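Inspection log for the structure reproduced underneath, given as structure tokens.
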Amino acid sequence: MIVNPMIQQDQLYMARALRLAEKGLWTTDPNPRVGCVIVNDGKVVGEGWHEVTGEAHAEINALNQAKEQAKGATCYVTLEPCCHHGRTPPCTDALIKAGIARVVVAMTDPNPVVASKGIEQLLKAGIKVDTGVLSNEAETLNAGFFMRMRHERPFVRCKLGMSLDGRTAMASGESQWITSQDARKDVQALRARSSAVMTGAGTILADNPKLTVRDNELPDHLPKPKTIKQPIRVVVDVHLSMPLDAQMLKLEGKTVIFTASQNEDLKSVLKQAGAEVITLPSTPSGINLSVMCQTLAKEYEVNEVLLETGATLGGAMLREQLIDEIVLYIAPMFMGNNARALFNLPHIESLSQHIPLEISDIRAIGRDWRVTVRPNYG
């Protein structure tokens, strides 16, 4: 099979741009992670990535490095260049002014403010534009941003630690620690990339977690940010049973409680303790989880949610088809048939009602195994 050298070259430089984009995994939220490589006469003359929200975009950082060598060059960028004035000026104007001859784009921007308008502007300026190079990889990197723009809800990733026989805690609730320290450190990277970490009131009452990112436990494969941006802490608390001495209420950053309770006194006390309390429509099983996710996307610009919770809320989110990815940390132990299961799914009574899963990754994390799956809701 003969492969077009131009296609090979485009894929090579786009892969480099994607590696650059990943450097912003913990810092660009709520903006997408974007990387850019500028090539002139077969030589990389400039590269950059979007480092922090509100600062220069990837294209600008690459152009600043390329300087006059950008004229007549090809620009590889993992997302369509912006063409509007947001927190920063349009990147399309800068590319045109620099004399870029060709732009290769991994994906068009689903943001309605851009949505192919950036490409149209480049084409009108006489710049050749090619799209779709390594688009799947680009979408995976920004799954949350694309979900928010297309469906007005965040991408929800559920993290679970379990034994080899699929148990998450003993019948008493004892669960510390099923998985190893290596697995717990790996979870820090998941938290750091997330806009919000979500749990239920039961987890707060049982474990009193902080749900924070610990920068000293982050892996070394990405540049450490100067300051860690803590994800929003989200608590699903139907009856407002959140204790006032909960650790997360004493920490910097936002704690948002979603409830169905109409008790104004409890709301007032929790607000005084530092939480934001949002009342949502109630359902037979609790609160309207779909509306909750939409609220997180619209009001808080949440791209990715890391769901760290028990079987009740996890099962409810799965039944509502609101979990997009599940990350399972499997410890080499058996906990017995009386221990707690992963999800409460009482509606499944026959094999034909099962929820099929697509495995996307399996790897060892210390003594544990990490299995990443995506539910196939059909």
Side-chain angles (χ1 to χ4, degrees), residues 25 29 140 143-144 146-148 151 153-164 166-169 175 177-179 183-204 206-207 209 211-213 231-237 256 258 285-290 292-297 302-331 339-348 354-363 365 368-378:
L25 194 68
D29 196 75
T140 298
F146 291 125
M147 183 69 78
R148 179 164 67 91
H151 304 290
R153 75 165 180 87
F155 182 93
V156 178
R157 179 179 291 110
C158 180
K159 183 277 297 182
L160 291 164
M162 72 175 196
S163 61
L164 201 56
R167 303 295 169 170
T168 62
S175 63
W177 296 99
I178 296 173
T179 54
R184 297 195 294 276
K185 285 185 176 181
D186 198 61
V187 171
Q188 291 299 310
L190 294 181
R191 287 185 183 178
R193 69 173 292 167
S194 302
S195 315
V197 180
M198 180 188 297
T199 194
T203 301
I204 301 295
D207 299 332
L211 299 184
T212 54
V213 178
I232 299 170
R233 299 176 290 272
V234 177
V235 181
V236 180
D237 188 357
V256 180
F258 286 96
S285 59
I287 67 171
N288 192 315
L289 297 173
S290 293
M292 177 189 69
C293 288
Q294 291 166 5
T295 302
L296 288 173
V302 169
N303 289 334
E304 296 181 19
V305 169
L306 181 63
L307 180 62
E308 297 191 48
T309 190
T312 301
L313 177 57
M317 291 285 285
L318 196 59
R319 291 195 300 273
E320 293 294 321
Q321 301 186 5
L322 292 171
I323 293 179
D324 303 292
E325 184 175 87
I326 302 169
V327 181
L328 294 168
Y329 293 90
I330 305 174
R340 298 181 183 183
L342 288 173
F343 297 103
N344 287 345
L345 299 170
H347 70 289
I348 298 181
H354 77 282
I355 300 173
L357 305 172
E358 297 175 1
I359 298 175
S360 60
D361 185 74
I362 300 177
R363 66 184 63 202
I365 303 292
D368 304 319
W369 284 92
R370 187 184 73 195
V371 181
T372 305
V373 301
R374 290 203 173 187
N376 183 352
Y377 297 113

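Fair warning: this is a prediction, and the values are worked out from it, not measured in the lab.
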Is there a donor-acceptor contact under 3.5 Å from the side chain of [X] to the main chain of [Y]?
X      : Y      : result
Thr309 : Gly314 : no
Arg370 : Ala183 : no
Arg233 : Thr212 : no
Ser360 : Thr372 : yes

Notebook entry, point to check: Can you tell me how far CZ of Phe258 sits from OG1 of Thr295, rounded to the nearest 0.5 angstrom?
Noted result: 5.5 Å
Item checked: Leu296 side, atom CG; Ile232 side, atom CD1 - distance, nearest 0.5 Å -> 7.0 Å
Check: If we only count heavy atoms from C-beta on, is the Thr199 to Ile204 side-chain gap below 4.5 Å?
Finding: yes
Note to self: Val187 vs Glu308, test: side chain to side chain contact (heavy atoms under 4.5 Å, CB included). Steps then yes/no.
What the structure shows: CA-CA 10 Å; Val187 171; Glu308 297 191 48; 4.0 Å; yes
Margin query: Salt bridge check, Arg153 against Asp324: does any charged N sit closer than 4.0 Å to a carboxylate O?
Written below: yes
Check: Can Lys159 and Tyr329 be said to form a side chain to side chain contact (heavy atoms under 4.5 Å, CB included), step by step?
Finding: CA-CA 8 Å; Lys159 183 277 297 182; Tyr329 293 90; 3.7 Å; yes
Note to self: Taking salt bridge (charged side-chain N to carboxylate O under 4.0 Å, His left out) as the definition, give me every residue that meets it alongside Arg319, ordered by chain and number, with sequence neighbours left out.
What the structure shows: none
Notebook entry, point to check: What residue pairs, at least two apart or across chains, pass salt bridge (charged side-chain N to carboxylate O under 4.0 Å, His left out) with a residue in residues 192-204?
Noted result: Arg193-Glu304
